[in-house]
Amino acid sequence: MIPCRGAMQSDYMHWAKYQAPVRYSLSSSEVPHFRLDSLPLAIADLDLDGASHPRFAPLRQAIAERYGVTAEMVVTANGTSMANFLAMAALIAPGDEVIFEQPAYEPMLASARFLGASVAWAERRAEEGFRLDIDQLREVTSDRTRLIALTNLHNPSSALTDEDDLRAIGAIAERCGAHVLVDEVYLDSAVPPRPTSALLGPQFVVTNSLTKVYGLSGLRCGWILAEPELAERMWRLNDLFGVNNAHQAEMLSCFAFDHLDEISAGTEKRLQSNRALFNTFIAGRGDVACMTAEHGITAFALWAGGDTQRLDTLLRTKYDTSIVPGCWFDMPDRFRVGLGGDTNMLREALGRLGAALDELK
Ligand SMILES: Cc1ncc(COP(=O)(O)O)c(C=O)c1O
């Protein structure tokens, strides 16, 4: 057996990647995949000379323009996942304290633990609409705190952290010389869209990608927005990890940024229909409760029946349907539902979820 030192893997990511596929997925947190060849793209548009292009400037420029920052603030990475890891690796050393929201996205937490951080918590309570408890955050912050890590929109609940709260979190971090890492991979599905918190000051470090809201997970186009000196540290650090990104993927990502409005046309309308279907589903059930889905691609519901792994197992084995059990967020009587899929699929999936819930009554 290979000896294991602390968090050497993400158990959630392994689980999520290797579950048998189902026809009616409520576990995916992405919108449907977008076929780039439905746009006017020719193979000759890609640079296939075999060379890599360090810090590929056109992609950094495209990201900078879309989010209103300078290109020096943009570091590209393999998805938000690598962006989160790279950001944390540049910011924390073994023994440093990182404050996480609870419930948290497990791979971020596992990355911090892999880097030797000690973890403290600030709660997001369901009764408060999963708003981050800023007072508790202030209390748990110490002079060992190097980082406050959160997701906005929150995975799993899709709660929005507004600008006032973000500024308050920034001030808490500033007082102890820490940074705030905000994973914004769902933020472009806020209603209405919100600006990136990278604009709020140099203590903010933001990660994002074209995966969730744009249906382009295959490109692995992720990035970090950080003040230029810190961004430079991340580029240098990446000489240890990825060195350069796959250049053809970078070119396709530039092409995607040029066509992002076409790529996302229809997404918000579909999400609105799906959120409405889900809200109606919840209103019709006495055994499931959930805050109204207003933003984002996911919702986090409470089941009166207890451990939702039982529900997921029944859904997968009998109903060809999936959810994410709340155990992955340390809230086993909740489950996460993804609302990004095709609306007809989602309607059928919710019907099957209702049938499984009835069966377990
Ligand atoms: C909060 C959060 N960050 C990052 C990711 C991974 O994103 P990417 O595919 O860009 O690596 C996910 C995927 O579920 C996520 O929920």
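Residue numbers count from 1 along this sequence. When a ligand or atom number is given, it counts from 1 through the structure's own listing order. Fair warning: this is a prediction, and the values are worked out from it, not measured in the lab.
Interface atoms of ligand 1 facing V185, defined by a heavy-atom separation under 4.0 Å, are 1 (C), 2 (C), 3 (N), 15 (C). Here is the list of ligand 1 atoms found below 4.0 Å of a heavy atom in S29: 14 (O). Listed by atom number, the atoms of ligand 1 under 4.0 Å from G79 heavy atoms are 10 (O), 11 (O). Close approach of ligand 1 to T151 is summarised as follows: ligand atoms under 4.0 Å from at least one heavy atom of the residue are 1 (C). Less than 4.0 angstrom separates some heavy atom of T211 from each of these atoms of ligand 1: 8 (P), 9 (O), 10 (O).
Assignment of M82 to the shell around ligand 1 is not supported, since no heavy atom sits closer than 4.0 Å. Residue contact check for ligand 1: G222 places no non-hydrogen atom closer than 4.0 Å to it. Taking 4.0 Å as the cut-off, R220 counts as a neighbour of ligand 1 on heavy-atom distance.
Using modelled atom types, no side-chain atom of E184 and backbone atom of T207 make a donor-acceptor pair closer than 3.5 Å.
Taking atom 14 (O) of ligand 1 as the reference point, the nearest protein heavy-atom neighbour is K212 NZ, 2.7 Å. What sits closest to atom 1 (C) of ligand 1 on the protein, heavy atoms only, is D183 OD2, 3.3 Å. When only non-hydrogen protein atoms are considered, atom 6 (C) of ligand 1 lies nearest to S81 OG, 3.4 Å. Closest to atom 15 (C) of ligand 1, if we only count protein heavy atoms, is Y105 CZ, 3.3 Å.
The pair E128-R124 does not count as a salt bridge, with every side-chain nitrogen at least 4.0 angstrom from each carboxylate oxygen. By the 4.0 Å N-to-carboxylate-O rule, R23 lies too far from E348 to be salt-bridged with it. Between D164 and R167 there is no salt bridge, since no side-chain N of the basic residue sits under 4.0 Å from a carboxylate O of the acidic one. Ion pair R55/E232 flagged as a salt bridge, since at least one NZ, NE, NH1 or NH2 atom sits closer than 4.0 Å to an Asp/Glu carboxylate oxygen. Using a 4.0 Å cut-off between charged nitrogen and carboxylate oxygen, R334 and D307 do not count as a salt-bridge pair.
For ligand 1, the polar-atom distance check finds no N/O of N78 at less than 3.5 Å from any of the ligand's N/O atoms.
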- Query: salt bridge (Lys or Arg N to Asp or Glu O under 4.0 Å) between D133 and R125: does it pass, once the steps are laid out?
  - Reply: CA-CA 8 Å; D133 186 333; R125 283 184 208 86; 2.9 Å; yes
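Classification of the W15-W328 ring pair by plane angle, with boundaries at 30° and 60°, yields tilted.
A donor-acceptor pair shorter than 3.5 Å cannot be found between the side chains of T211 and S217.
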